[in-house]
Enquirer: 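The structure follows.
Just so you know, ligand 1 is whichever comes first in the structure, and atom 1 is the first atom listed for that ligand. Just so you know, these numbers come straight off a predicted model, no measurement behind them.
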Amino acid sequence: MPEPTPNPRGAEFWNNTMGHTWVSQQAVISDVFTSVTRVSLDAAAVEPGEHVIDVGCGTGDTLLAFAKVVGPSGAVLGVDVSVPMLDFAKHRAAEATLGNAAFALADATSYAFEPRWADLVYSRFGVMFFDDPVRAFTNIRSGMKAGGRLVFVCFRTMPESPWFGVPIEAARPHLPPQLPVDPLAPGMFSFAREERLRGILAGAGFREIEIKATDVPIDGKDTATSMAFITQAGPLPALLENASDEQRMRATEAVRNALAANIGPDGRGLHVGLWLVSALA
Ligand SMILES: C[S@@+](CC[C@H](N)C(=O)[O-])C[C@H]1O[C@@H](n2cnc3c(N)ncnc32)[C@H](O)[C@@H]1O
């Protein structure tokens with residue numbers, strides 16, 4: 001049974017279409033975020049024997065990487081609100097016979113973490129969806145050893161991520177006018193403002209907070225790989241929601257052309273603008 005969540009709207013989002021999309025597109029997502037994963041795992045610098053919590057671990061890409069490094073003397077815990085994504089992560093851990101991986105179907109805002117357990121708390125894009133981020137990070141910190149490392153990546157503003165911005169600007173002329181969205185509302189760009197992010201982490205009791213702007217290339221075999229993600233996840237699907245079939249078709253074609261014009265045959269050419277965040281508990 002999942003734990004009750006203080007953010008049912010968010011949990012619903014990740015348990016319905018978007019959760020199933022992240023499962024069906026897991027290989028694509030893993031591929032496009034190859035460099036993001038490398039940059040953030042390098043910053044996490046996990047060691048054999050450590051205890052790691054992966055917040056919003058999703059389908060388990062980074063959680064499995066940690067489980068391999070920490071080995072039998074260490075342990076990893078993946079916390080996520082999404083049943084389909086967590087089930088997929090569990091399945092992958094079982095297939096890889098990683099007995100040191102455990103999972104909690106829960107909201108990280110309220111999950112009863114074992115006090116002072118983790119050497120490292122990490123997240124690849126799993127911490128921007130909290131309704132009450134200070135409460136969430138305070139709760140997360142309760143599960144960390146004194147001096148434990150927090151390392152995560154999140155997005156800066158959308159225009160700083162051409163991998164999102166280029167297709168959206170291509171699609172926009174073909175779509176109905178969009179209502180302005182609250183940039184601070186829970187969602188993928190909610191930590192775009194550095195001072196807000198710093199205030200949240202400081203408010204939750206973290207120290208030695210470092211927030212580094214990092215532009216990271218998107219990988220992927222070819223344009224089709226980016227197309228598969230961009231049209232089903234990230235910010236574009238919400239814009240396509242109220243479009244007619246005709247508008248959606250034209251917008252999709254424009255996105256395909258824009259990606260083809262910007263991505264080389266090796267799948268590279270566009271980047272995402274990230275904050276690489278680290279702090280101590
Ligand atoms: C953008 S996905 C990233 C998934 C994974 N970290 C990856 O990079 O493949 C965001 C993840 O955060 C999870 N999530 C959202 N809100 C959460 C919360 N309050 N507590 C725990 N997980 C949450 C979602 O279910 C989803 O798996």
Enquirer: Using a 3.5 Å distance criterion without hydrogens, assess whether the side chain of H271 forms a donor-acceptor pair with backbone atoms of V216.
Expert: no

Enquirer: Side chain, backbone, both or neither: which part of C57 has a heavy atom under 4.0 Å from ligand 1?
Expert: backbone

Enquirer: Heavy atom of T59 under 4.0 Å from ligand 1?
Expert: no

Enquirer: Does the side chain to side chain donor-acceptor pair (under 3.5 Å) test come out yes or no for D107 and S110, once each step is laid out?
Expert: CA-CA 6 Å; D107 190 322; S110 51; 5.0 Å; no

Enquirer: Closer than 3.5 angstrom, by distance alone: can the side chain of R149 be matched with the main-chain N or O of A44 as a donor-acceptor pair?
Expert: yes

Enquirer: For ligand 1, which atoms, with element, lie under 4.0 Å from some heavy atom of F130?
Expert: 18 (C), 19 (N), 20 (N)

Enquirer: So do the side chains of C154 and F152 get within less than 4.5 Å of each other, counting heavy atoms only?
Expert: yes

Enquirer: Give the atom numbers and elements of ligand 1 that come within less than 4.0 Å of a heavy atom of G58.
Expert: 4 (C), 27 (O)

Enquirer: Does G56, backbone or side chain, put an N or O under 3.5 Å from an N or O of ligand 1?
Expert: yes

Enquirer: Ignoring angles and geometry beyond distance, decide whether D80 reaches within less than 3.5 Å of ligand 1 through its nitrogen or oxygen atoms.
Expert: yes

Enquirer: Between W22 and ligand 1, which residue portion shows a heavy-atom distance shorter than 4.0 Å: side chain, backbone, both, or neither?
Expert: side chain

Enquirer: Examine the proximity of ligand 1 to M85 and report which part, side chain or backbone, both or neither, has a heavy atom under 4.0 Å away.
Expert: side chain

Enquirer: Keeping the roles fixed (side chain from W275, backbone from T214), state whether a donor-acceptor pair exists under 3.5 Å.
Expert: no

Enquirer: Can you give me the closest heavy-atom contact between N139 and Y111, atom names plus distance?
Expert: ND2-O, 2.9 Å

Enquirer: Taking 4.0 angstrom as the limit and counting only heavy atoms of D107, give me the atoms of ligand 1 inside it, by number and element.
Expert: 18 (C), 19 (N), 20 (N)

Enquirer: Heavy-atom contact check, 4.0 Å cutoff: does V81 meet ligand 1?
Expert: yes

Enquirer: Hey, does V55 come in under 3.5 Å of ligand 1, counting only N/O atoms on both sides?
Expert: no

Enquirer: For the backbone of L274 and the side chain of R156, can you confirm whether one donor and one acceptor N or O come within less than 3.5 Å of each other?
Expert: yes

Enquirer: For the pair D119 (side chain) and G148 (backbone), establish whether a donor and an acceptor sit closer than 3.5 Å, ignoring hydrogens and angles.
Expert: no

Enquirer: Using heavy atoms and a 4.0 Å limit, tell me yes or no: is D61 in contact with ligand 1?
Expert: no

Enquirer: Show the atoms of ligand 1 that are less than 4.0 angstrom away from any heavy atom in S82.
Expert: 25 (O)

Enquirer: Applying a 4.0 Å heavy-atom criterion (strictly less than), which segment of A106 is in contact with ligand 1: side chain, backbone, both, or neither?
Expert: backbone

Enquirer: Has D80 got a side-chain atom pairing as donor or acceptor with L105's backbone, closer than 3.5 angstrom?
Expert: no

